[in-house]
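Heads up, the thing below is written out as structure tokens.
Here is how names work: the chains are called A, B, and so on, in the same order as the sequence lines, proteins then strands, and each is numbered from 1.
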There are 2 protein chains.
Amino acid sequence: MAPPAATIDVEVLPESDTSTFTIPDRLTIQSVAKRRAASGKLIAGVAAPADLDQFKGRTSHRHKPDAKRWDHRLTPETLNRGGSSLKAAAAYLKTPGLISLGGGLPSSEYFPFHEIDVKVPLLGHCAQGEEGSEVLRAGMHDMAEGKSAFDIATAAQYGQGHGAAQFLRWIVEHTEIVHNPPYQDWSCTMTVGSTCAWDFALRMLCQPGDWILSEQYTFPAAVETAAPLGVKVAGVAMDENGMLASSLDHVLTNWDEKVRGGPKPFVLYTVPTGQNPTGSTQPIERRREIYGVCQKHDLYIFEDEPYYFLQMQPYKGPDASPIPPPASHEEFLNSIVPSFLSIDVDGRVMRSDSFSKVIAPGSRVGWITASEQMCDRFRTHADVCTQGPSGFSQLILFKLVDEIWGHSGYLDWLIHMRLEYTRRRNVMMESCERYLPKDIISWVPPMAGMFHWIQVDYTQHPKWIDGSVTMDELEEEIFQTIIRHGTLLMKGSWFCAERTKPRNTMFFRATYAAAKFDQIDEAIFRLGSAIRDSFGLRKQINGTHTNGTNGAHTNTTHTNETRTNGTHTNGTNGTNGVHTNGVRTNGVH
Amino acid sequence: MAPPAATIDVEVLPESDTSTFTIPDRLTIQSVAKRRAASGKLIAGVAAPADLDQFKGRTSHRHKPDAKRWDHRLTPETLNRGGSSLKAAAAYLKTPGLISLGGGLPSSEYFPFHEIDVKVPLLGHCAQGEEGSEVLRAGMHDMAEGKSAFDIATAAQYGQGHGAAQFLRWIVEHTEIVHNPPYQDWSCTMTVGSTCAWDFALRMLCQPGDWILSEQYTFPAAVETAAPLGVKVAGVAMDENGMLASSLDHVLTNWDEKVRGGPKPFVLYTVPTGQNPTGSTQPIERRREIYGVCQKHDLYIFEDEPYYFLQMQPYKGPDASPIPPPASHEEFLNSIVPSFLSIDVDGRVMRSDSFSKVIAPGSRVGWITASEQMCDRFRTHADVCTQGPSGFSQLILFKLVDEIWGHSGYLDWLIHMRLEYTRRRNVMMESCERYLPKDIISWVPPMAGMFHWIQVDYTQHPKWIDGSVTMDELEEEIFQTIIRHGTLLMKGSWFCAERTKPRNTMFFRATYAAAKFDQIDEAIFRLGSAIRDSFGLRKQINGTHTNGTNGAHTNTTHTNETRTNGTHTNGTNGTNGVHTNGVRTNGVH
């Protein structure tokens, strides 16, 4: 298996995707208002089933082919899911004058929430604080009073497994603006997050003893969700552009049931953009190649895309002048790599979208896009398991992205996030170039996501050379040395799809998502010291340690001394010697 | 199988439970503050793991026995759930001065929610509106600023599968105040609702081909959650006090694997209080009998208790004077039937609690209480599936029940709900006595929950007598007749645990939870007309139709005419003839 990413020279800088492929006939933001007007006022009361064809525009997709059917892949569990007999009774509720003593729904007069106000940033003033904010307000009966398409009485009540119809309308429109799936019967349904969506997908498609495929380094929770179900993961080799289509084909073509102890896989789990942990992003050409292999072997693709809108400005090196942000929504949308969904002519993709990385993880709201058959099976599952996402989350997010921002404001917010993550990534890249010993450490600047994937040439380590340690022992030793120097990274081996398989590469994952800029710089400085310490190097190469650099492009350095190995003046050597001035621990306290 | 409930004469009125059993050594509200003070200030930051022993009081439960282990019952799926390797790295975050570049958590500076204000009712002024409300406020960094134990930066971030530690503290205390489980190692963990908790429990305990047990009439979603997993439900006979312990024992003792096609069940699903659909409540003596049978056959009990706090004041008949509400929290707690959890000396109960019926279903927050072994397996599942409930929901509910109301205020709210549901139930009972033909229709006034279970003596129906219809056809015909008269009830057959089994009883389920009082009265009037119409009766018995009765105990009737069959002046005969003045449809519009 080829070593992934980060093996090419750091001077080979990836660009944003410059492919000429653009998604045809996207819904424009201007057309959304027209479509809404044409379909009439949306009145979606308590637990209203959503009519997605109305949201999609009844004639907009008729020229496209239908999705492939997946009956031959669905599990007995999924095929046996019937509808709810009680929900069937809802059909009668349309009878004029009917008084329902049917559904066991509590009266909204007992919901102890009369009004919800949320202070949200005024666009263009996204920094936090009193100035530059506006208030999102939801009342109990705003719908009856004609004030809003959604209110507390509806959001706080029971709902459908697919989520609130009014919010689903926004989701469908957003999906068409960004992806415009090239088959007719695509649909969307909400999730309580992508991890749960993946659990549902596994239960729809896999049975104990099955194998699935993923990148060789992958999101551990994806493996940990599959493993208890008796589903094993076969890793596919990667390069700096993510999964290799040739390796995917190779694994499938040469699948040996006897050796593997299970049938040839037909489910591919992939994070195409800003992949966790490698930070790699598949360019559109790579996606087309992979999709072609999936067609050849009739695979079903789970496209897990939490980092899709964390695609950043190109990184041009430490001294490059800043690149102007996208000048329009169109330019922004054209600058991001098209999704698998947008090239999915067969309906073989279930795409999982998330608000976790661009709004807030605690919202526990996301959605999938897939063919109506697959969405229907997903919804039927949600109806007897999670039900829809929290009504409070839905109400607050809906008011924010539909009523306050609209599609236009949401794209502005995403551009804001793009620029913020660009600044964060740049700070880390510049610190890495400044402090890390490049004869031992190598990397590729990520173009998307939260993660920086740092390769260590362990073959130069004295203990490896003298044969006194295994790969796992050496990784653990370096991990502990980095912690002793006051920085926490994640061990690469934690991300192996096939954990028992021998490896010939060593990586650590760093994130630039959360720490303050000066802390990122300090942490990378410590990392450099730790690596030199562990490898027995005597001198820092080209190192200037900039305390307090606050912002990506500032060149002000408060201390500019050249450091040598092991002499970090704040005392990073030794577990207890690290200074404690206001560091964020970003997790469990 | 004996016909359930509602078969005894309506004059035999159930009382609230008057058993002498009281739960020993409950935590008092006064002791909560002391315990909190003794355990020191709770600082639970982002994704903090909760120390439940601290919340329970480290010495309060040491005298109790340990729970039984359930290894012999757990599925391979559950036994194979490992911990998350990434979460293991959280252990290092306690290192002083450490800078974490580990976890992929977005920075709270990108959460577009600066402040959340929720207007909630002032206790004692629970009616909705501007007067009598106060504001619950959450800021971004309230914890760092010493303003609160919970804030937006924490709630909107990733969390643990068990939910936020600060809210879990309240849940643990509440559980000890109400139930005080009689074994040592009980624990709690949050859910995204009881339906999901049931799905998790099934996956922990059952495999395809297994059978479980439930009341013969049961919550359809419980059956619909089990069925796709290949798990069948065997019904246990009921009387007006719910499940019969003797029937449970009989089913288990006489279980024939060959006849049933599956092994003897070891999981019991039960809704002991205000059962859906029968409205029956097991008295404490019945619970003890059932628990004894569960011990005899080593069953594991899933106690699904959404209606637990909808236990009402006793119903004494239409002309009885109102019964004074509980005079103290202690009197209130002693007036409600003790749970299975509170008599669970073995740790064989997983109790599922819900805010859906007493706060709001849309919150999608609940919790289970079970032994630490079972809670641990549950949490490990949540970590790779749903994760914890929505942070917005948790934050708003925590601020309400912990910071604004406290345990004392929450019990006040529950007493308020008790009285409100009492009023609603009484309205429906009085209308039933007024309008329904008692020679055909019989019922038992429910003492808890949302549901009124109405038995129809189908043997008197002309079509049954002349043999021209099956049971299912006749039920459908009566159902449609009721709809034609302008009322929607639920068909009893929708609730059968074993749907293919022949029945000899016919029921319809009505709810008094949501409709306005005058609408309840009107709907029951229509029901009476529909039954007379269907059965070919010519005259209404003792009927006075009270339009606009607004409140349970008012005797003012706006129209007081005696009605005869088919002459409802507003035109209820015929699908399109029903009047449409402001009816609630309580569901899909």
Side-chain angles (χ1 to χ4, degrees), chain A residues 45 48 77 80-81 85 90 92-93 96-97 99-105 107 111-112 114-121 155-156 158 192 196 199 221 224-225 228 360-362 364 384-386 390-393 450 486-488 490 494 510-511 514 519 523 578-580 583 585-589, chain B residues 45 48 77 80-81 85 90 92-93 96-97 99-105 107 111-112 114-121 133 155-156 158 196 199 221 224-225 228 360-362 364 384-386 390-393 450 486-488 490 494 510-511 514 519 523 578-580 583 585-589:
Chain A
E77 176 184 342
N80 288 336
R81 288 192 186 282
S85 43
Y92 298 104
L93 294 174
I99 302 175
S100 174
L101 304 179
L105 307 178
S107 167
F111 298 160
H114 301 166
E115 188 178 283
I116 298 175
D117 287 355
V118 182
K119 215 174 270 180
V120 299
Y158 282 106
V192 300
C196 186
D199 179 65
E224 288 158 5
T225 302
R364 308 317 304 139
V384 292
C385 183
T386 54
S390 151
F392 292 117
S393 289
M450 297 181 152
T487 290
L488 180 67
M490 294 296 193
W494 285 337
T511 177
Q519 295 286 323
V578 288
H579 56 184
T580 55
V583 294
T585 56
N586 250 342
V588 192
H589 292 269
Chain B
E77 176 183 341
N80 288 335
R81 288 191 186 282
S85 44
Y92 297 104
L93 294 174
I99 302 175
S100 175
L101 304 179
L105 307 178
S107 168
F111 298 161
H114 301 166
E115 188 178 281
I116 298 175
D117 288 356
V118 183
K119 215 174 271 180
V120 299
S133 63
Y158 283 106
C196 186
D199 179 66
E224 287 158 5
T225 302
R364 306 317 305 139
V384 292
C385 183
T386 53
S390 152
F392 292 117
S393 289
M450 297 180 153
T487 291
L488 179 68
M490 295 296 194
W494 285 335
T511 178
Q519 295 287 323
V578 288
H579 57 185
T580 56
V583 295
T585 55
N586 250 340
V588 193
H589 292 268

Closest non-hydrogen atom pair between [X] and [Y], with its separation:
X: B:M450; Y: A:G104; result: SD-O, 3.6 Å
X: B:D199; Y: A:V384; result: CB-O, 4.4 Å
X: B:M490; Y: A:G103; result: CE-N, 3.8 Å
X: A:L105; Y: B:A514; result: O-CB, 3.1 Å
X: A:P228; Y: B:N80; result: CA-CB, 4.1 Å
X: B:R364; Y: A:T386; result: NE-O, 3.9 Å

Legend entry - Heavy-atom contact with chain A under 4.5 Å, split by part of B:A510: both

Legend entry - Residue part contacting chain B, namely of A:A156, when any heavy atom lies under 4.5 Å: both

Legend entry - Heavy-atom contact with chain B under 4.5 Å, split by part of A:Y92: side chain

Inset, instruction - Taking the side chain as every heavy atom from C-beta outward, state whether A:P121 and B:F111 have any atom pair closer than 4.5 Å. - result: no

Legend entry - side chain to side chain donor-acceptor pair (under 3.5 Å) partners of A:D117, counting only residues at least two apart: A:R137

Legend entry - Options A:C385, A:G391, A:C196, A:A360, ranked by heavy-atom pairs under 4.5 Å with chain B, top entry: A:C385

Inset, instruction - Between chain B and each of A:A523, A:A155, A:P361, count heavy-atom pairs under 4.5 Å; write down the option with the most. - result: A:P361

Inset, instruction - Could you pull out all residues at least two apart from B:E224 that satisfy salt bridge (charged side-chain N to carboxylate O under 4.0 Å, His left out)? - result: B:R499

Legend entry - Atom pair NE2/NZ of A:H114 and B:K119 - distance to nearest 0.5 Å: 9.5 Å

